[in-house]
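Letters A, B, ... are given to chains in the order of the sequence lines, protein chains preceding strands, and every chain is numbered from 1.
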Number of protein chains: 2
Amino acid sequence: MYSKFFNLRTEKQERIINAAVYEFANKGFDNASTNEIVKAAGISKGLLFHYFNNKKDLYLFLYDYFLEVLMEKFNPKIDGDEKDFLKKCRDVTILKLDLIKIYPDMFNFLSNAHFEESVEIKDDLDKREKKMITESFSKLYSNIDYNLFAENIDIESALKIIMWTLEGFSNQQQQKIKGKSLINLNSEEIIPEMDKYLDTLRKTLYR
Amino acid sequence: MYSKFFNLRTEKQERIINAAVYEFANKGFDNASTNEIVKAAGISKGLLFHYFNNKKDLYLFLYDYFLEVLMEKFNPKIDGDEKDFLKKCRDVTILKLDLIKIYPDMFNFLSNAHFEESVEIKDDLDKREKKMITESFSKLYSNIDYNLFAENIDIESALKIIMWTLEGFSNQQQQKIKGKSLINLNSEEIIPEMDKYLDTLRKTLYR
DNA sequence: CACTCATTGACCAAATTAGTCAATAGTAAT
DNA sequence: ATTACTATTGACTAATTTGGTCAATGAGTG
């Protein structure tokens, strides 16, 4: 199907993928411009339509591609037998920050796809069972050892507080490196900082 | 300056403001369409340019208008002599949720304006001293009684955890009512739910 | 040389853009 | 009823942008 595209040097593949996902993530399907994509990717107009025969196919290719990347990476972590919710979330966040280094707009793209309203792709997106993401989310919440939490606190609140803290932290990291080179997203600095927050959460929310 | 506009019935004013701020918030200055704005506001093309003589003026009008609204409402709360950070944040969040009821896209618009890249408005936006927002932010963090916090935890982490929790909570509320009528954002339901999270935070982070 | 595949960019009809302006509707005063 | 005034309309424009095509060229292989 897209074998022609995958025969390209990976550097060129990623230039195209990144250009396209950036445009779709920021403007949505209808307002995204294929002209902008080819300009950002540094390829000619004809070439884009040589690989993906129209705009819709390109969008759905990206959706399928990224969903697969996401599932492949995250499923082992959220399915695994880690019962410590804080540890589980830590693993997932590290994975997420690693992925952002490679595909900085992937998470935006996928979460926007969930709310995409363009009639041209709505049906195809629905067929692709967006619920997969929801299901994965619920897996994250399952198999948790609630006995680790302090006795006198509301578990539901605690879970949300942990999720929102890590979400806020990831967003802060993404903001920091916006515009800068992506290599600046340095795990050796980020993880200890993240652990500072996780330590506080562990000290206060766990027994 | 905009006296003609302010002589309109407030219902019509708000229809226009909401339509415009929605479009700018979602597409940025360059990609926002005045055609879409008039369509959404239910007015004719000519009328919009009768009140705001061009697209740039309309954008800057909205920026000034909303910044004033924001400062007027928030400054008393963040300047006040409340030393309890949790209470301070609670007040600010309630205010924020109230404002979202009236201008659902205001916060998006203002935070995007901060990163607006269009050459046509960049300079004027800079002149308007975006730092005001940053300053207000630092006021929120000042005059805090740190003795309220538990002894053995990292204060900086605690402050961020509180902010991120309330940010996550507000976003969750905004998601819930997306598409639905705005009246559904019901304070009588929301505030108790918010207090559930704040109680957990107070119990764990405070001494 | 011939054959194949990757790649280009000028080109197209259709749509959309910000902004204009002559015409009309509405209101109030005379 | 007439005048004067403003609010409001929407057809119109020139310029740009849209998704997509296609004949031509380049590059590599045998």
Side-chain angles (χ1 to χ4, degrees), chain A residues 1-17 19-63 116-122 124, chain B residues 1-17 19-63 116-122 124:
Chain A
M1 188 60 165
Y2 297 105
S3 50
K4 266 183 293 179
F5 176 72
F6 285 118
N7 281 339
L8 287 173
R9 326 191 303 274
T10 49
E11 184 266 336
K12 199 169 191 178
Q13 279 181 40
E14 301 220 320
R15 247 168 49 216
I16 297 172
I17 286 180
V21 80
Y22 173 84
E23 182 74 5
F24 283 126
N26 286 304
K27 302 195 187 164
F29 182 80
D30 281 335
N31 291 108
S33 159
T34 53
N35 293 323
E36 291 295 317
I37 293 172
V38 297
K39 205 198 296 174
I43 59 168
S44 71
K45 193 71 182 292
L47 197 55
L48 186 70
F49 288 92
H50 176 64
Y51 294 127
F52 312 95
N53 61 320
N54 58 44
K55 189 182 177 183
K56 179 176 164 178
D57 281 4
L58 170 60
Y59 186 96
L60 294 175
F61 164 81
L62 290 172
Y63 183 86
E116 183 60 61
E117 280 177 336
S118 168
V119 286
E120 218 167 325
I121 51 164
K122 215 176 182 321
D124 294 81
Chain B
M1 188 61 163
Y2 297 105
S3 49
K4 266 183 296 179
F5 176 71
F6 285 116
N7 282 339
L8 288 173
R9 327 191 302 276
T10 49
E11 184 266 336
K12 200 170 190 175
Q13 279 180 42
E14 302 220 318
R15 245 169 47 216
I16 296 171
I17 287 179
V21 79
Y22 174 84
E23 183 73 5
F24 283 126
N26 286 303
K27 302 194 189 167
F29 182 80
D30 281 334
N31 290 108
S33 159
T34 54
N35 293 326
E36 292 294 318
I37 293 172
V38 298
K39 205 199 293 175
I43 60 169
S44 70
K45 194 70 183 291
L47 197 57
L48 185 71
F49 288 90
H50 175 65
Y51 292 127
F52 312 94
N53 60 320
N54 57 44
K55 189 182 176 181
K56 179 176 165 178
D57 282 3
L58 170 59
Y59 185 96
L60 294 175
F61 164 81
L62 290 172
Y63 183 87
E116 182 61 59
E117 279 176 337
S118 168
V119 286
E120 217 170 331
I121 52 165
K122 213 175 181 322
D124 294 81

Just call it for A/K12: base, sugar-phosphate, or nothing, with non-hydrogen atoms closer than 4.0 Å on any strand. sugar-phosphate
Expressed as a whole number of angstroms, how long is the span from A/I16:CD1 to C/dT7:C1'? 11 Å
B/E23 side-chain N/O to B/S33 backbone N/O, donor-acceptor pair under 3.5 Å: yes
Checking the side chain of A/K55 only, and the main-chain atoms of A/A32 only, is there a donor and an acceptor separated by less than 3.5 Å? yes
Nearest-Å distance, CG (B/N7) to P (D/dT6)? 12 Å
Over all heavy atoms of both residues, which pair between B/Q13 and B/L8 is shortest? Give the atoms and the distance, please. NE2-O, 3.0 Å
Taken to the nearest whole Å, CG/A/L47 to C1'/C/dG9 is 12 Å
Test item: A/E116 side-chain N/O and A/G28 main-chain N/O as donor-acceptor pair under 3.5 Å: no
Run the ring-centre check on A/Y51 versus A/F61 and record whether the distance is less than 6.0 Å. no
So, the side chain of A/E120 versus the backbone of A/D30: is there a donor-acceptor pair under 3.5 Å, distance only? no
Roughly, in whole Å, what's the span from CZ in B/F52 to C1' in C/dA18? 16 Å
In whole Å, what is the span from the CG atom of B/L48 to the C1' atom of D/dA7? 14 Å
Nucleotide C/dC5, atom C1' - distance to CD1 of A/I43 in whole Å: 16 Å
Restricting to non-hydrogen atoms, name the atom on B/L58 and the atom on B/I37 that form the minimum distance, rounded to 0.1 Å. CD2-CD1, 4.1 Å
Under 3.5 Å, N/O pairs linking protein and nucleotides 15-19 of chain D:
| unit_1 | atom_1 | unit_2 | atom_2 | d |
| --- | --- | --- | --- | --- |
| D/dT18 | OP1 | A/S33 | OG | 3.1 |
| D/dT18 | OP2 | A/N35 | ND2 | 3.0 |
| D/dG19 | OP1 | A/A32 | O | 2.7 |
| D/dG19 | OP1 | A/K55 | NZ | 2.9 |
| D/dG19 | OP2 | A/T34 | N | 2.9 |
| D/dG19 | OP2 | A/T34 | OG1 | 2.7 |
| D/dG19 | N7 | A/K45 | NZ | 3.1 |

Check the interface with nucleotides 27-30 of chain D: list each N/O to N/O pair with the protein under 3.5 Å, or write none.
none

Can you name the closest pair of heavy atoms from A/D57 and A/Y2 and give their distance? O-OH, 3.7 Å
Euclidean distance, atom CZ of residue A/F5 to atom C1' of C/dT7 [Å, nearest integer]: 15 Å
Does a side-chain N or O of A/H50 approach OP1 or OP2 of C/dT7 to a distance below 4.0 Å, or not? no
Evaluate the ring planes of A/F29 and A/F24, with Trp represented by its six-membered ring, and classify them as parallel (under 30°), tilted (30 to 60°) or perpendicular (over 60°). parallel
Nearest-Å distance, OH (A/Y51) to C1' (D/dG20)? 17 Å
